[in-house]
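Each ligand, and each atom within it, is numbered from 1 in the order the structure gives.
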Amino acid sequence: MVETKTVTFNKPIVKGSVKVPGDKSISHRAIMLGSIAEGRTRIKGFLDGDDCLRTIEIFKRLGVSIERSGTDVLITSPGIKKWVTPTEELYAGNSGTTARLMLGILSGSAVTSTLTGDASLSKRPMKRVITPLQSMGASISGDEEGDFLPLTIVGSMLEGIDYKMPVASAQVKSAILFAGLNAKGETVVRESAVSRDHTERMLQQFGAELLKDGNTVRIQGGQALSGTDVIVPGDISSAAFFMAAAAMIKDSEVIFRNVGLNPTRTGIIEVLRQMGAEVEILEHNGEKGEYYGVVKVAHSRLEGIEISGDIIPTLIDELPIIALLATQATGTTVIKDAAELRVKETDRIAAVTDELTKLGAKVEATEDGMIIEGPTPLLGGEMKSYGDHRIGMMAAIAALVSVGPIHIEDPSCIAISYPNFFDHLSQLVQARSEE
Ligand code: S3P
């Protein structure tokens with residue numbers, strides 16, 4: 001039976017401070033690079049969510065020693081050249097980042113392996129990484145067209161490539177860069193719009209040389225990496241749920257401590273400001289590598305805006321919660337150029353439109369986004385998560401502004417990126433004192 005969780009509040013305000021868990025994208029990459037590199041890597045602030053734990057399990061099967069104690073991880077690796085051929089399939093669960101980045105890594109390794117995933121991941125397109133990897137000489141095969149998991153990868157000697165990416169995707173870029181690290185010659189990746197650059201930053205942190213020039217990244221093959229220490233900042237994509245709550249609920253104010261501020265991820269801050277929310281960066285740290293800081297978000301009157309073009313990759317995972325926010329803003333919010341949402345953990349355009357419409361919101365789905373008219377009062381009711389963590393959290397935040405309880409179907413998926421989400425939600429919610 002599918003679990004249901006009822007979330008209900010009576011005219012709440014959100015107040016206080018929160019330290020969201022570690023960044024999912026950075027946590028995956030820290031495990032991956034720590035396993036590719038020879039020697040010891042220590043990670044602090046690791047996200048112990050389901051997706052990142054899958055990545056750990058995969059590298060253990062490849063013969064890497066990984067010891068985890070909460071959010072501290074110690075990796076001791078013999079280096080990619082000495083990985084062992086796994087005796088079992090490598091299971092990526094629900095994690096697109098694990099699957100796509102592993103395809104790039106395994107293609108240039110010395111092992112043969114089969115990568116599998118859950119029902120959702122097995123429907124997500126892999127051709128976007130397989131096509132460039134095959135032109136580098138990778139041997140990747142599956143059934144039918146070979147676009148979906150399970151896929152078998154026979155590690156091979158790869159050749160560098162000069163590749164212009166048809167979609168702005170950090171997962172595709174990262175898969176090619178990881179393959180390029182173990183290929184002959186130079187690999188060049190050209191993006192149409194800049195996507196998150198955690199891979200580039202962390203490759204440099206592990207000692208790789210890499211050239212960045214606008215939307216182009218170049219890496220020379222055959223570079224050996226050595227283990228290092230990585231500190232993972234809080235995930236701005238997780239903070240975004242409480243940022244939206246603070247912005248849309250009168251008298252609310254939340255301070256986010258140690259939240260990642262990589263400029264390729266801060267589109268949410270830009271959008272909150274453009275909509276009229278009060279956002280203040282109270283501290284900004286980190287000279288090299290990843291930026292992080294303290295951010296305050298407070299309520300103010302919100303207005304609808306257009307969100308399109310190059311900002312989209314910098315807030316792609318925040319669009320479900322931005323859609324909810326737009327239902328509470330005055331006027332029209334138009335989200336365009338976000339067709340990628342259709343191939344996330346679920347079709348997020350369809351899921352957000354259907355679930356918010358059920359509550360009485362005015363949301364129209366378009367091919368590459370949504371049009372939302374606000375403000376609309378939201379009713380309580382049943383909301384499905386579709387097994388998608390970001391839709392599940394959007395439903396829980398909707399309960400803060402709905403007039404009745406929200407019953408979330410299948411909320412357990414929230415542990416994929418934010419295992420202690422409901423604890424933080426109850427810590428931040430306060431009863432409004434009678435006016
Ligand atoms: C991720 C990149 C994004 C994002 C995903 C994590 C990453 O996907 O949606 O949650 O860690 O590289 P795309 O790059 O495919 O858009």
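- Under the 30°/60° scheme for interplanar angles, the aromatic rings of His424 and Tyr418 are found to stand perpendicular.
- Within the structure, every pair that satisfies the salt bridge (Lys or Arg N to Asp or Glu O under 4.0 Å) test and touches residues 231-246, not counting sequence neighbours, is listed here: Asp235-Arg265.
- The list of side chain to side chain donor-acceptor pair (under 3.5 Å) pairs with a residue in residues 37-50, not counting sequence neighbours, reads Lys44-Asp72.
- Side-chain contact check for His407 and Thr4: no donor-acceptor pair (N or O, by modelled atom type) lies under 3.5 Å.
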N/O donor to acceptor pairs below 3.5 angstrom from side-chain atoms of residues 125-138, sequence neighbours left out:
from	atom 1	to	atom 2	distance (Å)
Lys127	NZ	Glu145	O	3.3
Arg128	NH1	Glu340	OE1	2.9
Arg128	NH2	Glu340	OE1	3.4
Arg128	NH2	Glu340	OE2	3.0
Thr131	OG1	Lys127	O	3.0
Gln134	NE2	Ile140	O	3.2
Ser135	OG	Thr131	O	3.4
Ser135	OG	Pro132	O	2.9

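- Ordered by chain and residue number, the residues placing a heavy atom less than 4.0 Å from ligand 1 are Lys24, Ser25, Arg29, Thr97, Ser169, Ala170, Gln171, Arg196, Ile316, Asp317, Lys344.
- Between Phe242 and Phe421, the distance separating the two ring centers is shorter than 6.0 angstrom.
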